[in-house]
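Before any comments, here is the structure.
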Amino acid sequence: MKNTSILTLLLMASLFFTSCFEDRDDNPITTTQINDFVYRAMHSFYVYRDYVPNLMENKALDPDYIGYLNSFSQPEALFESLIHDRETVDRFSWITDDYIALEQQFDGISTTTGMEFGLRRYTDDSDDIYGYVRYILPNTSAENENMERGDLFYAVNGTPLTVSNWRTLLGQNSFTLNLATYNDNGTTPTDDDSIDTTTETALLTKTSYTKNPVFKTEILTVENDKVGYLMYNGFTSNFNDQLNDAFATFQSNGVQHLVLDLRYNPGGSVNSASLLGSMVTGQFGNQVFSKLMYNNLQQSNNAIYTFSTDVNSLNLETVYVLTTSRTASASEMVINSLKPYINVIQIGTNTTGKSQASVTLYDSPNFGRTGANPSHTYALQPLVAISVNKLNDEVDSDGLIPDILFTEAIGNLGVLGNENEPLLAVALSHIGDNNKTYIDYNYKNIKDIGDSNDLLPMSNEMYIDNE
């Protein structure tokens, strides 16, 4: 590709285009130039490029390439036109006009009220929804308002939540949450349960916050055996040491079993995922943990992640993993990659179903962070590789199916890390009695339609660390 000639033409052509962006140095850059970056990056790296005609034929070599770029008034429009089957195949690639905020999120920094929540419809076909609190981050506005796991809410500033308005209402920097209560109508099955409104409110304000994904660790005892419990809520590279420290504590206390709680973990760093797998095991040093397979143009980037020998490990032959429909990407990678080696007992519901990895692409000569064009802050986060395990198995788009199906009941979420919390209790019972059967009373299993992670740009991503 004659990229140098093309870019020269673009710079000359930019004099004739009025649509432009102001950069941080007050030097204008045209939409055409940004569109050129978007196209070249997608053509080179997009894992589904062979399914997109405009990427297969390499428009950059077309005499009317500039006209093609100018047919899109915004970089977002061009990017979206290059996505393969947005509804069913690629639900996760995206573009941002602020990679500074993106990089902060990779470091676990974002703005939050401290309320991590899920959202559900009242009925299967309802546009009206309600929210439930999954957990509260310490030292935040939500904690100051004494909110806790299991709290319910139905409106913001008096406006009832719907499928179409919740992002706007809950995305505000400050708002009043209208609370509700759960009514089981005195019966165990959930078919007749209801969400009842109240007059109680909570005033929540977002602040900048760094989330430690190692949210909770406990050491429990089951029939004289030590059981480690870890709730891990995101694969964030700059917290790898804290993750390793948690396993050091498990080691020093003689933990014999592990319950890995990934029920709300949307994913993150591929490298952190391989480290977690190494901490669970330890007896497979330098063997294949996972493989990343790129498109035909990037075969030289195909990568093998191996089990690390430089972490605290438990040398387990069985691990219990708690999952929900919001368990995604790097979380699924850990489960899928451990299965060829040890017994992975999955408890909960189907995971999201995402085995693709993404990477941040910048407007630079090699699409890396160094040398990024200072004239704008656009970056791409497209799917660039498929993750498979040692046996070349990838995660099905319908998600990983649990060995023990058990759904979270909104009216009985329990206390995370407590031996009586329903999902954890199932795992502990299985450790104590492998023949035990379980009754899932949550017959009204309405799938979550969104959660607090969806307000962040990197929701449900498995990304390759830029090095």
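Atoms considered below: every heavy atom in the structure, side chains included; atoms not considered: hydrogens, waters and symmetry mates. Since the structure is predicted, the reported quantities are computational estimates derived from the model, not experimental observations. This chain uses plain numbering: 1 for the first residue, then up along the sequence.
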Given the side-chain rings of [X] and [Y], with only the six-membered ring counted for Trp, is the space between their centroids under 6.0 Å?
{"X": "F153", "Y": "Y130", "answer": "no"}
{"X": "Y39", "Y": "Y65", "answer": "yes"}
{"X": "F215", "Y": "Y232", "answer": "no"}

Nearest heavy-atom neighbours spanning [X] and [Y]:
{"X": "L275", "Y": "N240", "value": "CD1-ND2, 3.5 Å"}
{"X": "I136", "Y": "M115", "value": "CD1-CA, 4.0 Å"}
{"X": "S237", "Y": "S269", "value": "OG-OG, 3.1 Å"}
{"X": "K226", "Y": "N253", "value": "NZ-O, 3.5 Å"}
{"X": "S272", "Y": "T236", "value": "OG-C, 3.9 Å"}
{"X": "G114", "Y": "T112", "value": "N-OG1, 2.9 Å"}

If you define the side chain from C-beta out and look only at heavy atoms, does anything of [X] sit under 4.5 Å from [Y]?
{"X": "Y378", "Y": "D363", "result": "no"}
{"X": "P138", "Y": "Y209", "result": "yes"}
{"X": "F289", "Y": "L276", "result": "no"}
{"X": "V319", "Y": "I342", "result": "yes"}
{"X": "V133", "Y": "E148", "result": "no"}
{"X": "K390", "Y": "K339", "result": "no"}
{"X": "V227", "Y": "I219", "result": "no"}
{"X": "I129", "Y": "I449", "result": "yes"}

Closer than 3.5 angstrom, by distance alone: can the side chain of [X] be matched with the main-chain N or O of [Y] as a donor-acceptor pair?
{"X": "K354", "Y": "Q356", "answer": "yes"}
{"X": "Q283", "Y": "L316", "answer": "yes"}
{"X": "N35", "Y": "L69", "answer": "yes"}
{"X": "N244", "Y": "V311", "answer": "no"}
{"X": "E145", "Y": "A142", "answer": "no"}
{"X": "Q251", "Y": "S313", "answer": "yes"}
{"X": "S278", "Y": "S308", "answer": "yes"}
{"X": "S325", "Y": "T351", "answer": "no"}
{"X": "T113", "Y": "S141", "answer": "no"}
{"X": "R149", "Y": "R134", "answer": "yes"}

Taking the cut-offs as 6.0 angstrom to the six-membered ring centre and 45 degrees off its axis, would you call K59 and Y68 a cation-pi pair?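 The answer is yes, since K59 meets both limits relative to Y68.
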
Report yes or no: is the cationic atom of R369 (NZ for Lys, CZ for Arg) under 6.0 Å from the centre of the six-membered ring of Y362, at an angle within 45° of the ring normal?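 So R369 does make the cation-pi contact.
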
Extract all donor-acceptor atom pairs below 3.5 Å that involve side chains of residues 394-403 and protein atoms in other chains or at least two apart in sequence.
residue: E394; atom: OE2; partner: S355; partner atom: OG; Å: 3.4
residue: D396; atom: OD2; partner: D398; partner atom: N; Å: 2.8
residue: D403; atom: OD2; partner: Q346; partner atom: N; Å: 2.8

- What's the verdict on side-chain contact (heavy atoms from CB on, under 4.5 Å) for L314 and V280, showing C-alpha distance, side-chain angles and the deciding distance? CA-CA 5 Å; L314 297 181; V280 171; over 6 Å; no

Rounded to the nearest 0.5 Å, what's the gap from [atom1] on [X] to [atom2] on [Y]? Could you check?
{"X": "D261", "Y": "L322", "atom1": "CG", "atom2": "CG", "answer": "4.5 Å"}
{"X": "M293", "Y": "I386", "atom1": "CE", "atom2": "CD1", "answer": "10.0 Å"}
{"X": "T306", "Y": "Q287", "atom1": "OG1", "atom2": "CD", "answer": "9.5 Å"}
{"X": "L262", "Y": "I335", "atom1": "CG", "atom2": "CD1", "answer": "6.0 Å"}
{"X": "S452", "Y": "Y264", "atom1": "OG", "atom2": "OH", "answer": "10.0 Å"}
{"X": "L260", "Y": "M231", "atom1": "CG", "atom2": "CE", "answer": "10.0 Å"}

- Query: What's the verdict on salt bridge (charged side-chain N to carboxylate O under 4.0 Å, His left out) for E421 and R263, showing C-alpha distance, side-chain angles and the deciding distance?
  - Reply: CA-CA 13 Å; E421 186 274 310; R263 74 182 82 182; 2.8 Å; yes

ask   = E143: what forms a salt bridge (Lys or Arg N to Asp or Glu O under 4.0 Å) with it, not counting sequence neighbours?
value =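 Salt bridge (Lys or Arg N to Asp or Glu O under 4.0 Å) check on E143 returns nothing, list empty.
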
Test side-chain contact (heavy atoms from CB on, under 4.5 Å) applied to N302 and L292, step by step:
CA-CA 6 Å; N302 287 351; L292 292 182; over 6 Å; no

If you measure only the distance, is there a donor-acceptor pair under 3.5 Å linking the side chains of Y46 and D90?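 Looking only at side-chain atoms, D90 and Y46 do form a donor-acceptor pair, the distance falling under 3.5 Å.
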
field: Short side-chain donor-acceptor distance under 3.5 Å, N373 and S375
entry: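 Their side chains do contain a donor-acceptor pair, which is all the 3.5 Å distance test asks for.
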
Going through the checks in order, is the side chain to side chain donor-acceptor pair (under 3.5 Å) test met by N165 and T168? CA-CA 6 Å; N165 73 12; T168 300; over 6 Å; no

(message) Applying side-chain contact (heavy atoms from CB on, under 4.5 Å) to L405 and T349, what does each step give before you reach the verdict?
(response) CA-CA 6 Å; L405 177 64; T349 55; 4.0 Å; yes

- Item | Aromatic plane relationship, Y341 with F307 - under 30° parallel, 30 to 60° tilted, over 60° perpendicular |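 The arrangement is perpendicular - the two ring planes meet at more than 60°.
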
Consider side chain to side chain contact (heavy atoms under 4.5 Å, CB included). Of V38, L78, I34, L361, which one does I95 pass it with?
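Of all the options given, the one that passes is V38.
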
Among N295, N296, N301, find the one that has a side chain to side chain donor-acceptor pair (under 3.5 Å) with Q298.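 Single pass found, and it is N301.
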
**Asked** Is the shortest distance from a Lys or Arg side-chain nitrogen in D451 or R120 to a carboxylate oxygen in the other one below 4.0 Å?
**Response**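 Judged by the 4.0 Å cut-off on N to carboxylate O distance, D451 and R120 do not form a salt bridge.
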
Item checked: Other residues, nucleotides, ligands: >12 heavy atoms within 6.0 Å of Q299 CD ->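 Above 12, so yes.
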
Go through Y320 and H257 one step at a time and tell me if the ring-ring contact (aromatic ring centres under 6.0 Å, His included) criterion holds. CA-CA 8 Å; Y320 297 82; H257 309 275; 7.0 Å; no

* Check the pair F92 / I83 against side-chain contact (heavy atoms from CB on, under 4.5 Å), numbers first and verdict last. => CA-CA 10 Å; F92 304 101; I83 297 299; over 6 Å; no

